[in-house]
Amino acid sequence: MTRLKATAPNQAQAGTASIQTVAMAATQAAEPPPARFARLDRVLAAATEVPAAILVGVEILVLLIGVVSRYAFRSPLTWSDELASILFLWLAMLGAVIALRRAEHMRLLFVVSLAAPRWRQWLDTLAAMVVGVFLIALIAPAREYVELQWFITTPALEIHDGYRVAAIGVGAALMLVIVLARLVERATLADAATALAVILAVALALWLARPTLALMGNFNLVIFFVVMVAACVASGVPIAFAFGIATVCYIAFATKAPLTVVASRIDEGTSTLLLLSVPLFVFLGLLIEMAGLARVLVDFMAALIGHVRGGLSYVLLGAMYLVSGISGSKAADMAAVAPVLFPEMRRRGAQPGELVALLAASGAMSETIPPSLVLITIGSVAGVSIQGLFTGGLLPALVAALALVAVCRVRSRGESLAGIERAPLRKVWISFLIALPALALPFLIRTAVVEGVATATEVSTLGVVYTAAAGLFIYRQFDWRRLYPMLIETASLSGAILFIIGTATAMAWALTQSGFSRQLVSMMEAMPGGQIGFLSVTIAVFAILGSVLEGIPAIVLFGPLLFPAARALGVHDVHYAMVVILAMGIGLFAPPFGVGFYAACAIGRVSPDEAMSRVWPYLAAVLAALVLVAALPWLSTGFL
C-alpha cells in the first residue's frame with residue numbers, strides 16, 4: 001500500500017524559508033549581526049517587521065471588507081480600495097527593507113562564486129557600495145516627489161498623497177542604514193577604499209563623456225543598460241538595484257530629465273492595485289502549506305496512482321500543476337510538494353539527482369498556471385486581460401506536463417515496486433473526500449477570476465479566508481505561532497518582487513523615452529520569417545533573460561516593448577504571453593545560471609553537480625512543448 005509520511009510542520013517551515021532565500025536571493029542567508037550591531041539590527045527589525053506584518057493583515061482585512069460589502073450587501077465602499085492603495089506602497093517599501101536586511105533580494109552569484117575568496121570579499125564590498133550609491137541618489141528625489149504629490153488629495157479619504165509616497169524616501173533611508181552598517185562591520189578599509197575608487201572613477205568617466213554620450217544617440221543605451229547592468233549583476237549587485245543605478249546614471253549623465261522621475265516611476269510600478277495580489281497570494285501559499293492542504297492533495301494522488309511504475313513522478317507533476325502559482329514563489333510551490341514525496345521516491349530507488357531534475361522541470365512546466373504572479377504582472381504592465389491569461393495558461397502547462405510524463409515513463413522503467421501494493425478503493429475514496437476541500441481551492445480561485453466574479457486581488461483575499469477556515473475547522477492544522485513569521489516572510493518576498501518591478505519600471509521608462517521602444521518594434525516587425533521568426537527570437541531572448549533576470553523583472557522591462565510588436569505582427573496577446581512565460585521558465589530552471597535550478601537543489605538537499613547532467617532531458621521535453629505551443633496558437637487561445 002502506498003503510504004507517504006508528511007513532513008513535520010516545523011521542518012516544512014524551515015525548509016520553505018531556506019528555499020525561498022535561495023530562490024529569490026540566489027544567495028546565502030544573512031549572517032547574524034555582530035555584537036556591536038546586534039542592537040541596531042533588533043531596532044531595524046522592530047521598526048520594519050512589526051509594521052509590515054500589521055500592514056499585511058490590514059490589507060487582507062480592508063480588501064475582505066470591501067469584497068463582502070460589494071458582493072454580499074450590494075453596497076461598494078468608496079474608501080476600501082483607496083486605503084489599500086495607500087498602505088500598499090508602505091508595505092512594498094518596508095518589505096524591500098526587510099528583504100535587504102535578510103539578504104533576500106534576488107541576485108546572481110554564479111560569477112562571484114568563481115572568484116577567489118579574496119576577490120569575492122572585494123566584490124561583496126563593491127556590490128554593497130553600488131547599492132548605497134543608488135539609495136543616496138534616490139533619497140533627495142524621493143523628498144522632492146513628496147513635495148510634488150503633497151498638493152494631491154485622495155478623493156474619498158481626502159488624505160495628502162505625500163503621506164503615501166513618503167514611503168519611498170523612508171524605505172531608501174532605512175536601506176541605506178543597513179548598507180552602511182554592513183559595510184562598517186564586514187568590509188576592510190582597503191576593500192572599501194578601492195571599491196569607492198572604482199565607483200568614483202566610473203562616475204568621473206561618465207561625467208567627462210557627457211558630450212560624447214549625447215552624440216551617440218541611442219547607442220549610449222548599450223553603455224548604461226547592457227554594459228552597466230551586466231557588470232552590476234555579475235558582481236553580485238541585487239537585480240533591483242542594478243536596474244536602479246543604471247537608470248539613475250542614464251538620467252544624470254545622458255539626459256536633462258530630473259531624478260524625481262526615478263521616484264515617480266518606482267511609485268507607478270509598485271502602486272498598481274492589481275499588484276496588491278502579490279503579497280496576498282504569497283501569504284496564501286504559505287497558509288496552504290501550514291494548514292495542510294498541500295499534504296492532503298499529495299496523499300490523494302499518491303493513493304490513486306502511486307502504485308504504478310513512475311507513479312510518484314506523476315504525482316509530483318500533478319501536485320505541482322494543482323498548487324503552482326498560488327504562493328507567488330516557485331520555490332515555495334516546490335517546497336510544499338517535494339518533502340512529502342522525495343523520501344518514498346528514494347526508497348523506490350530513484351537517484352537524488354533525478355528527483356531534483358524532475359522537480360526543476362516541473363517548476364518550468366507550471367509557470368503559466370494561474371494564478372501565477374508572472375501572469376498577473378504581464379496583465380499589469382502589458383495591458384493583457386487577466387481573465388484571458390488565466391484561461392489560456394492551463395492548456396500550455398498541460399502540454400508541457402504530458403511531455404514530462406513521457407520522459408518520466410522512459411526513465412522509470414527500472415524502478416523497483418517491491419513491497420508496493422495498490423491502495424484499496426476504499427482508501428482512495430477516503431483520501432479523495434479528505435482532499436476535496438483542498439482540491440476545490442485552485443479551481444475556485446481560477447474560476448472566480450475567469451468568470452469575472454472577482455478580480456485577482458479580491459479572489460486572493462477570499463482564498464486566504466477559505467484556506468484559514470479549512471485549516472481551522474476541517475484539517476485542524478493551524479499553528480498560530482507560525483502566523484507572525486509567515487506575515488514577515490510575505491512582506492519580505494513581496495517587497496523583493498515589488499522593488500524589482502519599481503526599478504524595472506523606471507528603467508523601462510528610460511528606454512521608452514529614448515525612442516528605443518519604437519525602434520525595437522520596427523526592427524521586430526521587419527524581422528525575416530514574420531510571426532515564426534519573431535516567436536523564434538522571442539523564445540531565445542526570454543530563455544536567456546529568464547536565466548539571468550528571472551521572470552518578473554524581465555517581463556516588466558521588456559513586456560511593454562515587445563507586446564506591441566507582437567500585436568503589430570498579428571500575434572494574440574495571450575498566445576504571446578504563454579510563449580514568453582514558458583521560455584523564461586526554461587531559462588529560470590536551466591543551469592548554470594537559472595536560480596530556480598539551485599532552489600530545486602536546495603529543496604532536495606542535492607549537489608547541483610549531481611542534478612545538472614540529469615535535468616536536460618526534462619528541459620528538452622518542456623522546450624518541445626514550448627515549440628508546440630508557439631506553433632499552435634489554439635493551445636493558448638482556443639478557450640477564450
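In what follows, residues are counted from 1 in the order of the sequence shown. What you see is a predicted model; the values in this text were computed from it and never measured.
In terms of the ring pair (Phe, Tyr, Trp, His ring centres under 6.0 Å) criterion, Tyr314 has no residue partners (sequence neighbours excluded).
Residues Tyr466 and Ile445 form no side-chain contact, since every pair of their non-hydrogen atoms from C-beta on lies 4.5 Å or further apart. Looking only at side-chain heavy atoms (C-beta outward), Glu367 and Leu375 stay at 4.5 Å or farther from each other. For the pair Leu317/Tyr321, no side-chain contact is recorded, criterion being any heavy-atom separation below 4.5 Å from C-beta on. Contact annotation: the side chain of Phe224 never approaches that of Val248 to less than 4.5 Å [non-hydrogen atoms, C-beta and beyond]. With a 4.5 Å cut-off on side-chain heavy atoms, Val622 and Leu626 do not count as touching. Proximity of Val130 to Cys232: side-chain heavy atoms (C-beta onward) are separated by under 4.5 Å at one or more points. In this structure, the side chains of Val237 and Ile245 stay at 4.5 Å or more apart for every pair of heavy atoms. Side-chain contact between Met228 and Cys249 is present, with at least one heavy-atom pair separated by less than 4.5 Å.
Scanning all heavy atoms of the two residues, the minimum distance from Leu404 to Ala621 falls at CD2-CB, 4.1 Å. Taking all atoms of both residues into account, the shortest heavy-atom contact from Pro370 to Gly393 is CD-C, 4.5 Å. For the pair Thr490 and Pro279, the tightest heavy-atom approach, listed with the atom from each and the gap, is CG2-O, 3.1 Å. When all heavy atoms of Ala611 and Val356 are compared, the closest pair comes out as CB-CG1, 3.8 Å. The minimum heavy-atom distance linking Ser362 with Met320 is given by the pair OG-CG, 3.6 Å. The two atoms that bring Phe589 and Val615 nearest to each other are O-CG2, 4.5 Å, heavy atoms only.
Side chain of Thr503 to backbone of Ile500: a donor-acceptor contact under 3.5 angstrom is found. The main-chain N or O of Leu276 is never found under 3.5 Å from a side-chain atom of Glu59 such that the two would form a donor-acceptor pair. Although no hydrogens or angles enter the test, the distance criterion places no donor-acceptor pair under 3.5 Å between the side chain of Ser85 and the main chain of Asp81. Under the 3.5 Å distance criterion, the side-chain polar atoms of Thr270 are left unmatched by any main-chain donor or acceptor of Leu498.
Expressed to the nearest 0.5 Å, how far CD1 of Ile288 lies from CG of Leu441 amounts to 5.0 Å. Note that CD of Glu354 is 12.0 Å distant from CG of Leu359, once rounded to the nearest 0.5 Å. Atom CE of residue Met365 and atom CG of residue Leu402 lie 9.5 Å apart, to the nearest 0.5 angstrom. Here the straight-line distance linking atom CZ of Phe283 with atom OG of Ser460 works out to 11.5 Å at 0.5 Å rounding.
Partner of Ile266 under the side-chain contact (heavy atoms from CB on, under 4.5 Å) criterion, out of Thr505, Thr247, Val261, Leu138: Leu138 alone.
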(message) Evaluate Phe563 against Val381 for side chain to side chain contact (heavy atoms under 4.5 Å, CB included), listing each step before the verdict.
(response) CA-CA 10 Å; Phe563 271 82; Val381 303; over 6 Å; no
Using residues 567-588 as the side-chain source, report each donor-acceptor pair under 3.5 Å to any protein atom, sequence neighbours left out, with the distance given to one decimal.
unit_1 : atom_1 : unit_2 : atom_2 : d
Arg567 : NE     : Asp573 : OD1    : 2.9
Arg567 : NE     : Asp573 : OD2    : 3.0
Arg567 : NH2    : Ala382 : O      : 2.7
Arg567 : NH2    : Asp573 : OD2    : 3.4
His572 : ND1    : Val574 : N      : 3.0
His575 : NE2    : Val629 : O      : 3.1
His575 : NE2    : Ala630 : O      : 3.3
Tyr576 : OH     : Thr538 : OG1    : 3.0

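In this structure, the ring of Phe499 has its center less than 6.0 angstrom from the ring center of Phe241.
Remark: Ile532 CD1 is loosely packed, at most 12 non-hydrogen atoms of other residues, nucleotides or ligands lying under 6.0 Å away.
Under 3.5 Å, the side chains of Gln513 and Tyr250 contain no donor-acceptor pair of N or O atoms.
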